[in-house]
Amino acid sequence: MTIPLAYNEEVADALAEGRPVVALESNVITHGLPYPDNAATALKVQDAVRAGGAVPATVCLEHGRIKAGMTDVDIERFASATGVPKASCRDMAVILAEGRMGALTVAGSVVAAELAGITFFASAGIGGVHRGAERTMDVSADLIQFTRSKVAVVCAGAKSILDLALTLEYLETHGVPVVSYRSADFPAFYCVSSGLRSPRRVDDADVLARSVANHWALGNPGSFLITTPVRAEDAIPGHEVEAAIADAVAAAERNGVRGNAVTKYLMRAVDVATEGRSSRANMSVLVSTAEVGGSLAAAHARYRE
Ligand code: PSU
Ligand code: MN
């Protein structure tokens with residue numbers, strides 16, 4: 001059997017004509033920002049993909065189908081609904097069988113993108129290895145799914161609520177390339193640098209497009225990670241968020257927050273603690289990753305011609 005896919009018109013036309021498409025996650029809509037900012041932001045992020053030269057395909061689950069390209073009406077419905085479950089790769093089968101709405105995480109989105117024939121995916125922040133994972137074993141399924149789905153993932157690294165050094169170690173062990181586009185360091189969402197050097201830097205979009213194609217021509221089964229940092233003028237210095245993160249991690253443990261609730265809990269706590277500083281950086285990084293994702297998908301589509 002195959003899972004039914006529902007494409008919106010813009011995405012269906014682009015794929016049929018071989019034009020570049022960039023998948024976007026829907027978990028950020030339902031679990032990222034409050035309504036109505038979440039709906040407005042989702043539309044802005046889609047426009048950023050268009051500004052980069054590609055067609056956006058925000059992906060979600062509904063009515064037993066994978067939607068590849070949410071319409072504005074879909075986005076409004078997801079943004080205003082309450083209780084839409086976070087759908088990672090492990091959750092998709094049951095949510096589809098029950099015909100319910102599901103907001104796809106990065107892991108769920110790369111599964112959806114690959115099935116839909118979409119090569120590029122952009123997300124401001126990916127999941128990773130959590131701080132204290134040596135005790136909790138909390139490693140995001142995003143990383144594991146990167147070892148399985150052939151998708152080029154463009155992101156601004158991950159928030160420092162995670163252990164980014166361990167996140168890079170995991171990706172190295174599993175042979176997932178991490179390439180920083182036009183920067184030397186692995187970024188940390190709000191921050192231009194995580195303080196960690198990126199394993200590799202490439203400045204030329206065409207070389208990057210060829211690298212993505214080569215990765216799969218070499219027989220590799222998984223994703224190719226590309227990072228692009230927040231614009232320096234909108235960034236938050238790392239030391240300004242560090243105290244908030246340490247407090248949030250301690251509070252999560254104290255309050256017994258576990259499983260798939262941990263990430264949202266930590267992100268909320270840090271956003272509250274850095275309010276004012278974080279909202280501008282947040283918007284900036286959402287838009288810049290989507291725009292760079294669009295431009296790289298366009299370079300990749302040119303390279304394939
Ligand atoms: N922004 C981040 N990190 C994240 C997320 C957003 O900086 O982890 C969201 C994404 O939707 C990601 C999900 O796929 O959280 C990962 O959740 P978990 O850690 O439970 O795997
Ligand atoms: Mn987890």
Trainee: Do the non-hydrogen side-chain atoms of Y35 and T82 ever get within less than 4.5 Å of each other?
Mentor: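 Answer no - side chains too far apart.
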Trainee: Is any side-chain heavy atom of Y265 closer than 4.5 Å to a side-chain heavy atom of N255?
Mentor: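 Yes, at least one pair of side-chain atoms sits under 4.5 Å.
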Trainee: Looking at R201, I'd like to know if its CZ atom is crowded, meaning that more than 12 non-hydrogen atoms belonging to other residues, nucleotides or ligands lie closer than 6.0 Å.
Mentor: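 Result for CZ/R201: enclosed.
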Trainee: Mind running side chain to side chain donor-acceptor pair (under 3.5 Å) on T263 and H130 for me, showing each step along the way?
Mentor: CA-CA 9 Å; T263 297; H130 280 260; 3.3 Å; yes
Trainee: Between R268 and D271, is the closest basic N to carboxylate O distance under 4.0 Å?
Mentor: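 So D271 does not pair with R268 through a salt bridge.
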Trainee: For A48, is there any backbone N or O sitting under 3.5 Å from a side-chain donor or acceptor partner on E291?
Mentor: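 Such a contact is absent between E291 side chain and A48 backbone.
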Trainee: Should we say atom CD of E172 is surrounded by more than 12 heavy atoms from elsewhere, each under 6.0 Å from it?
Mentor: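 It does not: E172 CD has 12 such atoms or fewer within range.
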Trainee: Answer yes or no: is there a donor N or O on one side and an acceptor on the other, between the side chain of T147 and the main chain of G222, under 3.5 Å?
Mentor: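 Side chain of T147 to backbone of G222, a donor-acceptor pair under 3.5 Å: no, none is there.
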Trainee: So if I apply the side-chain contact (heavy atoms from CB on, under 4.5 Å) rule between V45 and each of L286, T58, V28, which one comes out positive?
Mentor: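 Output: one option passes, namely L286.
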Trainee: May I ask you to test the V22-P56 pair for a side-chain heavy-atom distance under 4.5 Å?
Mentor: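 SC-SC contact between V22 and P56 ruled out.
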Trainee: Does atom CZ of R197 have more than 12 heavy-atom neighbours from other groups under 6.0 Å away?
Mentor: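 Count not over threshold, so no.
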Trainee: If you compare all heavy atoms of L143 against all heavy atoms of G127, which two are closest, and at what distance to 0.1 Å?
Mentor: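 Nearest pair, atom of L143 first, then G127: CD2-O, 3.6 Å.
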Trainee: Considering residues, nucleotides and ligands other than R210, do more than 12 of their heavy atoms fall under 6.0 Å from its CZ?
Mentor: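 Counting neighbours around CZ of R210, 12 or fewer heavy atoms of other residues, nucleotides or ligands fall under 6.0 Å, so no.
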Trainee: Please determine whether salt bridge (Lys or Arg N to Asp or Glu O under 4.0 Å) holds for the pair D47 and R50, giving the CA-CA distance in whole Å, both sets of side-chain angles, and the decisive distance to 0.1 Å.
Mentor: CA-CA 5 Å; D47 283 340; R50 292 191 186 95; 2.7 Å; yes
Trainee: Hey, is the main chain of R90 close enough, under 3.5 Å, to the side chain of S88 for a donor-acceptor pair?
Mentor: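 Not a single qualifying donor-acceptor pair exists.
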Trainee: Kindly check if the number of other-residue, nucleotide or ligand heavy atoms within 6.0 Å of CD (E9) is above 12?
Mentor: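 No, CD of E9 has 12 or fewer neighbouring heavy atoms, counting only those of other groups under 6.0 Å.
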Trainee: Where do A116 and L15 come nearest, in terms of heavy atoms and distance?
Mentor: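 Where A116 meets L15 most closely, the heavy atoms are O-CD1, 3.6 Å.
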Trainee: Quick check: closest heavy atoms across F146 and V176, and the distance to 0.1 Å?
Mentor: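 Heavy-atom minimum between the residues: O-CG2, 4.0 Å.
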Trainee: Quick check: are there more than 12 heavy atoms from other residues, nucleotides or ligands sitting under 6.0 Å from CZ of R200?
Mentor: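 No, the 6.0 Å shell around CZ holds no more than 12 heavy atoms from other groups.
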